[in-house]
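What you see is a predicted model; the values in this text were computed from it and never measured.
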Amino acid sequence: MAASATILGVTATSAVALAPQATPSPKPAVPASQAMNPAAPLPSAPVEKVIVTYKTSTAEATSNTAAKNDTAEKAAKTGEKLAFERRLAGGSALVDLGTATTKQDIAEVMAAFRADPAVAAVDADIRAYPMAVTPNDTDYAKQWDLFEPTGGMNVPGAWDKTTGSGVTVAVIDTGYAAHSDLAANTISGYDFISSSTDARDGGGRDGDPKDEGDWNATDGECGTGSRAGNSSWHGTHVAGTIGAVTHNAKGVAGIAYGAKVQHVRVLGKCGGSSSDIADAITWASGGTVPGVPVNPTPAKVINMSLGGASSTCPTVYQNAINGAVSRGSTVVVAAGNSNTNASGFTPANCSNIINVASTNRAGGRSYYSNYGTIVDVAAPGGETRNGTVSTPENGIHSTLNSGTTTQSLENYQPYQGTSMAAPHIAGLAALLKSAKSTLTPAEIESAIKANARPLPGTCTGGCGTGIADAAKTVNAVTGGTTPAPGGTFTNANNVTIADNATVTSAVAVTGVTGYAPATLKVDVDIKHTYRGDLVVDLVAPDGSLYRLKNSSSSDAADNVLATYTVNASSEVANGTWKLQVRDIASGDTGYIDSWGLTF
């Protein structure tokens, strides 16, 4: 069953899925055979090329012709089929080893170059691998929102560069229900609920942000139209998405698992007041609140998965938000769950915030999510039901508590809501601030919006610039490059190319949404003497041919080592693609060594 908690003009913006999860979990984004762990050795890839650095005074250091001639001399000396491939940016020569595949062959080739007084250095062209480790958290496979190419936010690709270390994220919410998957990343916060009745802790504001429960015993208890309901442990669920402890063989992974989470309690029985929430924003960002000790660990990111109906942003909210931003805090707010324009809800309609709509697993706007021109960006918020069908596996899986009123045992459950979407953006903001500490809140917002991808699904009414892409955004602010969302697909099985024959090598592309890009990259490595004999085509799943290379009677060089760019935008991405190689003459043979597609 599903419920939403309405609270004194302020609503925790999630619809809570209470049904137990009984459906199969999605598979991890990385196959088990490829997943790395801290104890696993790196793959041992064969060396196929060497890098030769010539002394600056030599002709080979600047002349490709001289380098080619020297490579030919070394080939004759060692009996190996070597080929000068290209000049590197630093001036070194890249030499393909051809058939020299054994360690002894490679050692002989490198020794021949090193013995040449014109050579300053020889290095193997070795492989490097991503150092981000696939989380071993037991429920990571359920976190489609982090890694799935359709509805996910491409988070794992960002972890090579940042995990959020050095950044504090304030969760202004219901407080903290003790959880072992959060404890190590949780720092001291504060309880800003000024009403002892609402706080349920026997007093007003204090230094303990423990979640005492936000249950309502009877309908109408919190105003006309309010409904009875159990405690939501809302702030704990939000916190797990941002900063759950990761690589601990337990539970879920947090988006910014290197960051610290600070619980700032403002929502209790019947919700919370704007006066308490405004003071909480000020305190969390390092500002001064009368009668409250100064925050010793001010937050550079503030998450507010809460809201209430209001056609304008109250001055008390706007002043608090402006102050927080001036102190360098990025403020992230949920758009709301009323399936209407977000302009009628606050603090979603305040300035100086990042307003976040919710998307489902198919990459479309969640049925409940607010929308509109004031929405900045979208993020996964999930759908634990679709009409009368319960789909808990399509919600956002995170840390929770099993208590119906007061705290009981810790657990994990899927929720849905813009409340779940907002912490995805808060987590991303923490990753960005950690990766580049000089970023201002405005720069963080701009980077997230500029690097979002279009929704694969639909969003009537406006979902901002699209679904946030964590890896692309992190790479944009750090000056890196981002792999295409669809990934790379390769086939490294050798296929013999006989004289006057046509052969193919296939790759199966799966998990890529929609059509292939207009800049589809085709990497080709063919070992073949007299490459002018070869005609090379890319064959799309529907049989369409894209010419990569024509034959040429004047091209006597060996091997086809190239990356081609193909406009395949009219082709459905998923399916079996083939590299087709046709030998049109006699006397020279070879094989397809490997090839691949990058979407």
Side-chain angles (χ1 to χ4, degrees), residues 13-14 145 151-155 158 169 172 238 241-242 255-256 281 300-307 310 312-313 317-318 320-322 324-325 328-360 363-366 368-381 417-433 439-470 472-474 476-477:
T13 49
S14 66
D145 47 305
M153 215 174 78
N154 197 18
V155 174
V169 182
I172 298 181
V238 168
T241 296
I242 296 169
I255 291 172
I281 295 168
K300 290 304 178 185
V301 180
I302 293 173
N303 186 90
M304 291 198 291
S305 292
L306 49 79
S310 175
T312 60
C313 174
Y317 274 170
Q318 194 61 68
I321 290 168
N322 290 346
V325 172
S329 298
T330 298
V331 180
V332 180
V333 176
N337 299 332
S338 299
N339 187 28
T340 190
N341 199 300
S343 62
F345 297 81
T346 198
N349 57 10
C350 296
S351 302
N352 263 348
I353 64 160
I354 303 178
N355 185 333
V356 187
S358 172
T359 52
N360 56 33
R365 180 173 67 87
S366 301
Y368 53 79
S369 177
N370 286 351
Y371 50 81
T373 58
I374 69 168
V375 171
D376 293 304
V377 73
T418 54
S419 278
M420 284 59 258
H424 283 77
I425 300 302
L428 174 53
L431 294 179
L432 295 171
K433 187 66 175 178
L439 289 174
T440 65
E443 289 170 336
I444 288 173
E445 177 180 353
S446 178
I448 291 173
K449 291 162 66 175
N451 291 284
R453 61 186 174 88
L455 270 66
T458 60
C459 175
T460 53
C463 287
T465 59
I467 299 177
D469 186 310
K472 184 178 179 183
T473 309
V474 167
V477 302

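- Separating the CD1 atom in Ile353 from the OH atom in Tyr317 is a distance of 11.5 Å, to the nearest 0.5 Å.
- Judged purely by atom type and a 3.5 angstrom limit, Gln318 has no side-chain atom pairing as donor or acceptor with the backbone of Cys350.
- A donor-acceptor pair under 3.5 Å is formed between the side chain of Asn370 and the backbone N or O of Ser338.
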Walk me through it: do Thr473 and Leu432 pass the test side chain to side chain contact (heavy atoms under 4.5 Å, CB included)?
CA-CA 8 Å; Thr473 309; Leu432 295 171; 3.7 Å; yes
Stepwise side chain to side chain contact (heavy atoms under 4.5 Å, CB included) test for Ile444 and Lys433:
CA-CA 8 Å; Ile444 288 173; Lys433 187 66 175 178; 4.3 Å; yes
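- The backbone N or O of Ala348 lies less than 3.5 Å from a partner atom in the side chain of Asn355, making a donor-acceptor pair.
- For the atom pair Cys463 SG and Leu455 CG, the distance stands at 5.5 Å (nearest 0.5 Å).
- Summarising the geometry of Ala468 relative to Ile448, their closest heavy-atom pair is CB-CG2, 4.2 Å, with the distance given to 0.1 Å.
- One finds the CE atom of Met304 at 3.5 Å from the CD1 atom of Ile281 (value rounded to the nearest 0.5 Å).
- Checked by atom type and distance alone, the side chain of Ser305 pairs as donor or acceptor with a backbone atom of Ser419 at under 3.5 Å.
- Tyr368 places a side-chain N or O within 3.5 Å of a backbone atom of Gly417 that can act as its donor or acceptor partner.
- Ser351 and Ile321 make their closest contact through O-CG2, 3.6 Å (heavy atoms, listed as atom of the first residue, atom of the second, distance).
- Residues Asn352 and Asn322 bring a donor and an acceptor atom of their side chains to less than 3.5 Å of each other.
- Of all non-hydrogen atoms in Cys313 and Thr346, the two that sit nearest each other are CA-OG1, 3.7 Å.
- We find the CD1-CD distance between Ile425 and Glu445 to be 10.5 Å, quoted to the nearest 0.5 Å.
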Please report the C-alpha distance between Asp145 and Met153 in whole Å, then the side-chain angles of each, then the deciding distance to 0.1 Å, and finally whether the side chain to side chain contact (heavy atoms under 4.5 Å, CB included) criterion is met.
CA-CA 6 Å; Asp145 47 305; Met153 215 174 78; over 6 Å; no
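- Taking each heavy atom of Val474 and Ala158 in turn, the nearest pair found is CG2-CB, 3.8 Å.
- Of the possible donor and acceptor atoms, one in the side chain of Ser310 sits under 3.5 Å from a partner among the backbone N and O of Thr312.
- Closest approach of Ala256 and Gly427 over heavy atoms only: CB-O, 3.6 Å.
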Set out, in order, the CA-CA distance, both residues' side-chain angles and the distance that settles side chain to side chain contact (heavy atoms under 4.5 Å, CB included) for Thr330 and Ile302, then state yes or no.
CA-CA 6 Å; Thr330 298; Ile302 293 173; over 6 Å; no
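- Residues Asn360 and Ser366 have side chains that never bring a donor and an acceptor to within less than 3.5 angstrom of each other.
- Of all heavy-atom pairs between Ile467 and Pro456, the closest is CD1-CD, 3.8 Å.
- Between the side chain of Thr359 and the backbone N or O of Ala379, at least one donor-acceptor pair lies under 3.5 Å.
- Arg365 and Asn339 share a donor-acceptor pair across their side chains, judged by distance under 3.5 Å alone.
- Counting only heavy atoms from C-beta outward, the side chains of His424 and Ile255 approach each other to under 4.5 Å.
- Between Tyr371 atom OH and Ser358 atom OG the span is 14.5 Å, to the nearest 0.5 Å.
- A distance of 4.5 Å separates CG in Asn303 from CD1 in Ile242, rounded to the nearest 0.5 Å.
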